[in-house]
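By convention in this document, chain letters (A, B, ...) are assigned in the order of the sequence lines, proteins followed by strands, and residues within each chain are numbered from 1.
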Amino acid sequence: MKILIADDEEGLRLSMAGILELEGHCVVTAADGFEAIDKAKQETFDIIFLDIKMPGINGVETYKEIKKILPRAVAVMITAFAINDLIREALHEGAFACITKPFEMDTIFSIIRDIGNNQMPH
Amino acid sequence: MLSVINVLLSGVVFLLLVIVLIFSAAWLKLLLALALILFGIIFYSSVHAGKERGKDVPVTPQPAAQPEPSPIVPTPEETEQHINDEKLAAISKFCAVMAHELRNPLASLKNIAYYFSKTLKTEDERINKMVDMMANEVDRTNMMISEMTEVSHLKRIKKVSSDISELVTSALISVTVDNAIQIVPDIDKVVADADPDKFRLFVRNLVTNAADALPNGGLIEVTLKKRDTSYDLTVRDNGSGMDATTLSHIFEPMFTTKTKTLGLGLTIALEIVRVHGGSISVTSEKDKGTTVTVIFPQ
């Protein structure tokens, strides 16, 4: 799958991209919401992992903008701390799931599988 | 009207004195500064006296003099509770911020450990072990952060009618203890108002604390008993027990005899008991075990 990871933490972008590439996925990274929107304008992605709290615009606002460009892309929100209002807003906007850091990569693999099978998360 | 004229005249005199002060010799400056201060005192007194004579302000009837209320002196217990509440509030705020900041690098570390485990193929078992340890240490740190976060959420409580027996049972299922520790439940059916998440958390904390006293295995009895107007929960272990000095500190925030926690588990449990209107008592004997009894109103 073609995956976009938007997170202001370089360590997370690097490690998550490395792991997903080991699994055979094609991964592009962005350091903030604006860069993620630019990437979405240039390429098509199947899945977008978005950190909720980022400098500039947050992950939810980023998702709203990307939805206009890539309406078929599936978003998965990532958060280090439960910001309930933003999580609710993201899910209301159509985000597939919201996971908290630090997460197990098995959870990520399971979500990617479910998206590939077009199933709802448990 | 008279007071307005007084104020205007006083203002003009004051201005003249200031101008003379600026342009006069040093000795004269000192004399005039003293005159200004004296003038200020006299001016204030005359205005204040005028108001008291009722020249400018209509007289309103004053209420009869009330006896001075006795000062409220908090009891030593209230003072101690207040100090602990302030301590907890400060910790809560700090924990909420730190939780977010710490989880970001932890997420990176966990993923890096995973990447290494998949790509670093080596015959050096120590390296393989260290890579596994990285992930475990991240999980351990995350648990401590969760403990901190629980403190920051303590004040948010939402009680609903709950099956207390089910809450206790599900809490016991979710607790992870060593295989050498046996948990023996004896649960009556109880329905009462409670915040389900907080109640489960409080039970988990009590059981986890009991488990920590059983490093070589042992028994934890968890009893839920329905009474006429209350219900009580008892967690009893046959572990190492505590001396009187340790026992007197166990509910204090950040007090711990262990190296792997922040010492907030029992503080959190106590606060949850309090917001549910309950009371908690602990008895313990060195090398014999500890019994924690919580009584809730129904």
Side-chain angles (χ1 to χ4, degrees), chain A residues 3-25 27 29-33 47 49-56 58-60 76-88 97-112, chain B residues 91-122 130-158 174 176 195-198 200-201 262:
Chain A
I3 296 173
L4 173 63
I5 300 171
D7 195 305
D8 56 322
E9 290 284 326
E10 185 184 4
L12 187 115
R13 289 198 307 274
L14 193 62
S15 55
M16 201 170 163
I19 294 166
L20 291 177
E21 281 168 358
L22 281 178
E23 296 294 310
H25 300 292
V27 184
T29 62
D32 59 47
I47 303 173
F49 289 94
L50 290 158
D51 186 22
I52 283 187
K53 194 164 179 272
M54 288 190 287
N58 63 45
V60 182
V76 179
M77 313 307 292
I78 307 173
T79 178
F81 192 67
I83 311 172
N84 291 330
D85 290 342
L86 287 177
I87 293 172
R88 262 196 295 274
C98 184
I99 53 175
T100 53
K101 296 176 182 176
F103 46 80
E104 298 287 343
M105 282 310 299
D106 286 342
T107 304
I108 300 293
F109 299 148
S110 175
I111 287 172
I112 293 173
Chain B
I91 292 171
S92 298
K93 193 170 179 181
F94 173 75
C95 290
V97 171
M98 288 308 297
H100 180 271
E101 297 305 316
L102 289 172
R103 282 191 162 133
N104 270 315
L106 278 186
S108 300
L109 282 172
K110 193 170 173 74
N111 286 352
I112 290 168
Y114 184 91
Y115 188 82
F116 284 171
S117 72
K118 295 296 180 190
T119 55
L120 274 181
K121 301 298 179 192
T122 171
M130 283 180 202
V131 169
D132 287 340
M133 277 176 70
M134 266 177 75
N136 292 337
E137 293 297 88
V138 165
D139 288 340
R140 187 160 72 91
T141 308
N142 191 40
M143 271 177 56
M144 284 194 267
I145 293 171
S146 295
E147 201 176 342
M148 290 198 311
T149 309
E150 283 155 15
V151 170
S152 73
H153 287 162
L154 275 180
K155 297 296 180 190
R156 296 181 226 169
I157 181 156
K158 194 175 175 185
S174 69
T176 306
D195 182 316
D197 289 338
K198 300 280 190 304
R200 275 190 287 260
L201 172 61
L262 294 175

Considering non-hydrogen atoms only, spot the tightest contact between A:L12 and B:S108 and give its length. N-OG, 2.9 Å

First locate atom CD of A:E23, then atom NZ of B:K118, and finally report the distance between them rounded to the nearest 0.5 Å. 7.5 Å

If we only count heavy atoms from C-beta on, is the A:K101 to B:L106 side-chain gap below 4.5 Å? no

Taking side chain as everything from C-beta outward and backbone as N, CA, C, O, which of these in B:T141 sits under 4.5 Å from a heavy atom of chain A? Side chain, backbone, both or neither. neither

Can you tell me how far apart OH (B:Y115) and CD (A:E21) are? Round to the nearest 0.5 Å. 7.5 Å

Does any part of the side chain of B:N111, heavy atoms only, come nearer than 4.5 Å to the side chain of A:R13, both counted from C-beta? no

Region of B:N142 in contact with chain A, defined by heavy-atom distances below 4.5 Å: side chain

Region of A:L22 in contact with chain B, defined by heavy-atom distances below 4.5 Å: side chain

If I measure from the heavy atoms of chain B, does A:E104 come under 4.5 Å with its side chain, its backbone, both, or neither? both

For B:K110 versus A:P102, what's the shortest heavy-atom pair and its separation? CD-CB, 3.9 Å

Interface moiety of A:M105 toward chain B, non-hydrogen atoms closer than 4.5 Å: side chain

